[in-house]
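Structure record follows, encoded as structure tokens.
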2 protein chains.
Amino acid sequence: MSDAQAVKRSASKAEGDERHEAIYRAVSDAIVEQRLKPGARLREDALADVFGISRTGIRKILQRLALEQLVTLTPRRGASVTRPTADEAKDVFDARQLIECGLMPDVARRMGDKEAAELRDMAKRERQALRNGEQSVAIRLSADFHVRIAQLSGNATLAAFVESLCSRSSLILAVYGHPGHLGCESHDHDDLVGYLETGNGERASAFMSRHLKAIEASLSMVEEEENVPDLQQIFGG
Amino acid sequence: MSDAQAVKRSASKAEGDERHEAIYRAVSDAIVEQRLKPGARLREDALADVFGISRTGIRKILQRLALEQLVTLTPRRGASVTRPTADEAKDVFDARQLIECGLMPDVARRMGDKEAAELRDMAKRERQALRNGEQSVAIRLSADFHVRIAQLSGNATLAAFVESLCSRSSLILAVYGHPGHLGCESHDHDDLVGYLETGNGERASAFMSRHLKAIEASLSMVEEEENVPDLQQIFGG
DNA sequence: GCTTGTTTTATTGTATACATTGAGCCATCA
DNA sequence: TGATGGCTCAATGTATACAATAAAACAAGC
């Protein structure tokens with residue numbers, strides 16, 4: 001059953017707010033999982049038809065996604081999946097460095113057996129997805145892993161921000177990453193859980209820093225050239 | 001001329017987007033400057049009348065403010081200025097500690113004479129406002145000072161997040177701060193500029209940490225008790 | 001044949017009407 | 001007199017109709 005059908009089916013009973021939340025999540029997931037690729041247009045009518053609500057609700061959802069930088073709203077042009085610039089990509093990864101690494105001590109302090117097991121399970125499922133070639137699932141699980149760790153810090157505000165950063169990272173990987181080469185490969189996530197489990201916040205922080213640097217370094221930061229740059233150069237020269 | 005009148009007057013010529021932006025800023029400013037106090041209800045009809053647009057545009061603005069946690073949207077109850085909880089307050093100040101302090105090295109590196117002069121001017125105007133008893137102006141300038149510094153880091157994503165945190169801090173001060181005792185008193189801001197000007201990121205970071213801790217310590221973190229807690233206790237016991 | 005101007009169409013922006021629901025009020029009854 | 005029930009009203013949730021506008025298709029001229 002498709003996402004849209006699942007949402008529609010639950011519509012009859014669910015409250016309006018929950019329906020909106022489900023639709024929001026369906027679109028957000030599709031973007032994070034790269035089934036909706038950067039630059040893809042999101043027409044209001046089409047989305048309204050697919051999810052069985054009117055454009056009013058769709059616009060509300062698109063605005064929310066726009067504030068999270070997942071979609072770009074161009075006046076009179078409508079919504080499209082955001083195509084991050086190289087500058088934005090750098091900002092996002094710098095922010096993740098600062099915050100995710102800075103949270104490691106807190107996370108290590110609050111880490112218990114249950115939390116460690118949960119994280120290990122997520123890492124395991126991520127590896128399995130990678131082996132099975134389920135790229136979308138792997139991307140999502142990787143983002144979820146980072147978000148879950150941030151949540152374990154106990155700071156809801158920072159966790160929500162990390163969630164936003166991870167979603168945007170998925171877009172960045174879609175644009176600048178090499179196809180087939182996923183960000184969080186190897187056993188990095190398992191190793192990280194190990195450091196956190198032993199309460200070694202400093203080592204976890206250093207490891208997270210290397211981990212994020214490795215992801216960023218794997219990107220090929222080539223901005224696509226303008227379509228018609230000749231005219232621009234004429235004006236410039 | 002009042003904010004609403006100013007917005008209305010510019011409405012005839014301005015594009016719709018700019019009008020919305022102006023209204024958003026008018027409401028946001030009123031909240032940050034504590035002219036709209038936490039808990040104040042924001043009825044859609046009233047706002048629509050005041051600003052001369054329909055409820056549709058007002059709802060869009062309220063949703064944006066809600067995502068920034070400045071207003072709280074209660075289903076079927078409408079919008080009201082957010083009253084931060086003690087937990088939220090702690091999260092916000094912890095987040096500011098991590099981010100604003102972490103940005104100091106970058107800021108110190110990019111600090112030039114022009115930037116330092118701009119910051120000194122803001123600090124000066126803030127002190128003047130405090131002396132003149134213009135509390136709203138002082139609150140705004142204090143928040144602007146912190147935001148401007150974050151912008152100087154060059155990371156737009158983190159700067160936007162700091163802006164959100166500063167706005168929420170204003171709400172927190174409104175609820176938990178002592179009346180008349182403003183957060184950023186004394187010459188802290190001037191001193192901070194001094195450290196940044198000399199490129200001493202580490203000292204600036206340490207100073208910012210103390211500065212934020214001092215603000216947080218000045219709060220009286222007493223959650224107001226529930227109105228009718230007896231029933232709750234009966235169920236609990 | 002390519003560029004430019006015009007018409008058409010498709011899509012978003014805005015407002016308003018209607019439905020829904022929570023809150024306040026009043027009357028009735030214990 | 002106080003509480004509970006229903007009733008009225010006010011405010012929000014939702015959808016739809018209309019207006020504005022940008023893209024696209026098309027036609028005309030160079």
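Chain A is the first sequence line, chain B the second, and so forth, proteins listed ahead of strands; every chain is numbered from 1.
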Which distance, rounded to the nearest 0.5 Å, do you find between the CE of M221(B) and the CD of E216(B)?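 It is 6.0 Å, given to the nearest 0.5 Å.
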
Please report the interatomic distance CZ(R64(B)) to CD(Q63(A)), rounded to the nearest 0.5 Å.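 Nearest 0.5 Å value for the CZ-CD distance: 10.0 Å.
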
Determine: side-chain N/O of R76(A) to OP1/OP2 of dT11(C), distance under 4.0 Å, yes or no.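 No, no such contact exists.
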
Counting only side-chain N and O atoms of R77(B), is one of them less than 4.0 Å from OP1 or OP2 of dA11(D)?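 No.
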
Nucleotide nearest R59(A) (side chain, heavy atoms from C-beta), chosen from dT16(C), dT12(D), dG13(C):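 From the listed options, dG13(C) comes nearest.
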
Nearest to the side chain of K60(B) - dT14(C), dG13(C), dT12(D)?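 Closest nucleotide to the K60(B) side chain: dT14(C).
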
Whole-Å distance between [N] [atom2] and [X] [atom1]?
X      : N       : atom1 : atom2 : answer
R19(A) : dT14(D) : CZ    : P     : 8 Å
Q63(B) : dG13(D) : CD    : C1'   : 11 Å
D45(B) : dA10(D) : CG    : P     : 11 Å
R55(A) : dA17(D) : CZ    : C1'   : 11 Å
E44(A) : dT16(D) : CD    : P     : 14 Å
E18(A) : dT14(D) : CD    : C1'   : 17 Å
L73(B) : dA11(D) : CG    : P     : 17 Å
I58(B) : dT14(C) : CD1   : C1'   : 13 Å

By ring-ring contact (aromatic ring centres under 6.0 Å, His included), which residues pair with F93(A), not counting sequence neighbours?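 None.
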
Would you please test E118(B) and K114(B) for salt bridge (charged side-chain N to carboxylate O under 4.0 Å, His left out) and show each step? CA-CA 6 Å; E118(B) 181 190 354; K114(B) 211 182 73 182; over 6 Å; no

Where the side chain of S153(B) meets the backbone of V107(B), is there a donor-acceptor pair that is under 3.5 Å apart?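 The answer is no, because no donor-acceptor pair under 3.5 Å joins these two groups.
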
What verdict does the salt bridge (charged side-chain N to carboxylate O under 4.0 Å, His left out) test give for D144(B) and R140(B), after you've listed the backbone C-alpha separation in whole Å, the side-chain angles of each residue and the deciding distance to 0.1 Å? CA-CA 6 Å; D144(B) 286 350; R140(B) 157 142 298 281; 3.1 Å; yes

Go nucleotide by nucleotide along DNA chain D from the 5' end; which of P75(A) and R43(B) gets its closest nucleotide reached first?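 Result of the comparison: R43(B).
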
Between the axis at one end of the helix from dG1(C)-dC30(D) to dA30(C)-dT1(D) and the axis at the other (five pairs apiece), what's the angle to 10 degrees?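 Here the helix ends are tilted 10° relative to one another.
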
Where does the angle between the aromatic ring planes of H211(A) and H189(A) fall among parallel (under 30°), tilted (30 to 60°) and perpendicular (over 60°)?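 Rings of H211(A) and H189(A): perpendicular, as their planes differ by over 60°.
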
